Structures are given as C-alpha cells and as structure tokens.
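In what follows, a single structure is set out as structure tokens and then discussed.
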Amino acid sequence: MSRRVTALVLFVILAVTAAWWFFLISPRNARIAELRDDRDAAVAEADRLRAAIAQLQAVQENDVAYLAAIGKLEAGIPKRAELAVFIEEVTALAEEVGVNLEAISPAEPAPVQGLDAYEIGVSLAMTGEYFELLGFLFGLDDMERIVVVDSVAITATSAGAGEVEETTTTTTVAGGDTTSTTSTSTTTTTVPWIEEDSLSIALSIKLYTRSPLLPILTAEEVEGEGGAQQEGDNLEGDAAEPGQGIEFEPVEGPPPTIGEASGGLP
Amino acid sequence: MRPINLLPPEAVRRLAARRKVGFWVALGLLYVAALVMGVMWWNTRVDATQEALEEQQAINAELDAEVNALVAADDLAAQYAEQVLLTSVVLAQDVAWGRLLNDFGRLIPERVWLDSFVGTSLPGTPGLVGRVAVAGRGFDFRDVSAWLRSLDEEQFPGIAGTWVTNASESGSAVTGETLINFDSSTGLTEAAVSSRLEERIPVVVPG
C-alpha cells in the first residue's frame, strides 16, 4: 500500500472517530452530566425533605408547646386592636404604681411598612414621682401585650408654684445686760416649689395589632360580601350566611317623612 | 525442499490482493463494531444514570408525601415563625427606658439635678437606638463637668457621645444663690436595648 493510501486511511479513521465522538458520544456524555446534576439536586432535595420531616415531626410532637408559644406571642401582638383592654390595663398599672394618669390619646391603627401588622401610637400624660414613673415603665415592659416606649419626656412641675412661709427668730443681747429681746417675723416667699407629684411625664408608646380598625376587603371578598349584605348583613362586616340576619319586608308607597319616621313606635 | 507453486503468477497475485482486502475489510468491520459497542456502552451509562435519577425521584415523592401528611405541623411552624418574626422586628431596638432612668438616677452627681429629661428612640439609625436631651442645674461649672464624667461610656454602657451644648449662670429663686443651668444631650447605643426580645420569644424545640 502506498504511503498516500495509508495516510488517507488514517485520515478517514481519525475523521470517523472524531465524528463518532462529537455526534454520538458527546451528546450522551452531556446527557449523563445533566442527569447526574438532576440526581445531585434530587439528593439535596431529599436531604432537605428529610430535615423538614424531622423538624415537622418535632413540631407535631411538641404541638401543645407550639400552640402555647403562639398564644403567648399573639397576646403580645393581638389579632384585634383591643384598645378597651389596654386602657383598663394601663389604668390599673397607673393605680398600682401610684402615678396620676391624666390623658390617654390613642391614634388609629396604621400599617407598618414591610410587616403584616398595624401600629397604634398612644400618648400618655401623667404626673408622679420618679420611682412611680420607674414602676410604670417597668410595668409597661411586663405587660402581656407588647408596649414599645418611643419617647419619654419628664419635666419638673414648676407650674405648681406656691408660697412658703418662712419664720425668722432674732435674739438680740445688749452689751453685758442679761436682758435680751426676741423678735419673730414671718415672711412669705413665692417659689417654684416641688409638689408631691413632682414630675410631669409624657410618654409616647406604640402597640401593635394584626388587623386594621376597619376590615379591608379584596375585590373578590367584596363581590362575595355583596350578595350576603343584600341578604341582610350585620354592621361588623363579617361574612353572613344567606338568610341570616334581619330581613326587611319591602314597604310599598312613598318613603315616610321625618315627622312620620320619628313618630315613635307603632 | 523448495516448494514449487504451480499456479500462474497472476493467480498468486490475485489471491494475495484478495487476502489483503479481506484483512482490511475485517479490520474496518472491527473498527465499526468497536464504535457501535462504544455507543452501546455509553447508552447503558445513560440508562443507569437515568435509572438512578428516577429512583431518587421516587424516594423524593415518598418524602414529599410524608411532608404533605405533616401539613398541620407545617402550618403551626409557619404561624410560630411569623409571630416570632413580627415580635423580633417590633422589639429589635426597644430601649429599656426603665433601666436607663434607674441608671441615670443612680449615677447623677450629688450637686446636679435635672429639670427635664426627653428620651426618644431612633429606630433605623445605624449605631444609635435613641437620644436623650436633658436640662439640668448645678452649683458651679465643675458640676457640669461632673455630669459629663458621670455619663462616661465606660461606667454607663448604653450611653455614647454625651455633650453639653450650653451652660450658663443664673440666680436661684429660692436661695438667691448663683446656679449653673445646662443643656446636655447624649446618644443611646445597642447596650441600651432591652432584653425583652429574648424573654418574649418562647423556645419550644431545644437546640
């Protein structure tokens, strides 16, 4: 065989081998690599699922403890504003520690950015002594509901300026004489005196709740609620079952005038 | 003895050529067979890998089913996590005002007293959790200095950058003595944050 033919044959063998590799083997290798990646991902997913199962089983075994913990956390940030309860609690605390609560000004719940919660800003004005204020602040910390104190402003009450009576006794001894003269004078001075409730305290605090003051309904809920309200829904805005609530019978004829309407019971 | 080929030389050449062709054809066939075998071997590798993947997917499906069976626990855990997150965010920079005021009362110099105290928390301010501004009085300027020393960061953790913006003489309405009125402000650091976050979050699963 001539050298040219040998070279040609070798070239053909190389070309065919290269084509075999690139067109038949390479795609298979790629497929194997892809499948291995998928398997590795699946193995990792299995590990994650096993960990999740272990965790969930632990949760299931401790479900009572979880429920108690959720209850405790929900007491800190309740689902509803529960302003009445807060006012009662803060009044009781003030009475207990001895501060004189003068004003409570709660704002309406406002959404907290980035959180599924609403904050209620409350301003408290009170008078009291220093240690009473400390007791009040520690009491707020210990409340079941989370109360975050935003600012504390304390001023010594100078508005309670009063009069102080000062008695001066002067004894004069004249020379070697044994007689002495004693004179007593009483002067009245106006001073910015410190009353028993010596501090005027303004606290700005924040409470948190999970729902707004008025329910915000989605478009779907409004559509769903619309039917129920036509049936006669209650004022709370809760979803009512059709047929529940008060049903009004249609009244024929013109609407009554104010005089007629306020004419008392039929 | 020397072999004697009785075939004509053309026939011998043809036979040799045929053998050579046969050899090359056999070699070619072997080569092609090797290539085909190679493809088949790679196919088995692909199949084996595919099978391993399917096996793993079957295991995952079982695990998924197990997770789905624990959906109630999952809801419970999600509810707990949500509440914990909410509490953590709300109490992240909660200043312990009671403790702070108690420390103020303890560390304030003897000859200094305060007329007003305004403490404000500053959530979201890097390095600071709040500020305190006070208006106070002392008997002389040394008392103002004592006030600044008493709020030294080393002995009063949680306080940083105490400053007096103004200190001026004035007469006392009660005694007629000269007093020094001063205004001071200070920053509250992370050490002033309360420990309520740790106390408020109940740990239900040890570890």
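In this text, all values refer to a predicted model and were calculated from it rather than measured experimentally. Throughout, protein chains are lettered first and strands after them, A, B, ... in sequence-line order, and every chain is numbered starting at 1.
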| field | Which atoms of A/Thr17 approach chain B - backbone, side chain, both or neither, heavy atom under 4.5 Å | value | both
| message | Would you say that A/Glu74 contacts B/Gln79 through its side chain, given a criterion of any heavy-atom pair below 4.5 Å between the two side chains? | response | yes
| query | What's the shortest heavy-atom distance between B/Arg200 and A/Gly76, and which atoms? | reply | NH1-CA, 4.2 Å
| Any donor-acceptor N or O pair under 3.5 Å, side chains A/Arg31, B/Gln50 | yes
| Quick one: are B/Phe117 and A/Leu199 in side-chain contact, heavy atoms under 4.5 Å? | no
| Side chain A/Arg39, main chain B/Glu55, donor-acceptor under 3.5 Å | no
| Region of A/Leu24 that comes under 4.5 Å of a non-hydrogen atom in chain B | side chain
| field | Derivation and outcome, side chain to side chain donor-acceptor pair (under 3.5 Å), residues B/Thr87 and A/Tyr208 | value | CA-CA 10 Å; B/Thr87 307; A/Tyr208 294 88; over 6 Å; no
| said: Measuring only between side-chain heavy atoms, which start at C-beta, is B/Leu76 closer than 4.5 Å to A/Asp63? | reply: yes
| Region of A/Phe136 in contact with chain B, defined by heavy-atom distances below 4.5 Å | neither
| message | Counting C-beta onward and ignoring hydrogens, is there a side-chain heavy-atom pair between A/Leu73 and B/Pro202 closer than 4.5 Å? | response | yes
| message | Quick check on A/Arg28 against chain B: is it the side chain, the backbone, both or neither that has a heavy atom closer than 4.5 Å? | response | both
| said: Please find the pair of heavy atoms, one from B/Leu86 and one from A/Ala117, that lie closest to each other, and give the distance. | reply: CD1-CB, 3.7 Å
| query | What closest approach, in Å, do A/Leu56 and B/Val67 show between heavy atoms, and which atom pair accounts for it? | reply | CD1-CG1, 4.1 Å
| message | Taking A/Arg210 first and then B/Glu82, would you say they form a salt bridge - that is, a charged N and a carboxylate O separated by under 4.0 Å? | response | yes
| task | Measure A/Gln57 against the heavy atoms of chain B and call it side chain, backbone, both or neither at under 4.5 Å. | result | both
| field | Sub-4.5 Å side-chain heavy-atom contact between A/Ile154 and B/Leu114 | value | no
| request: Measure from the side-chain N and O atoms of B/Trp97 to the backbone N and O of A/Val152, and report whether any donor-acceptor pair falls under 3.5 Å. | output: no
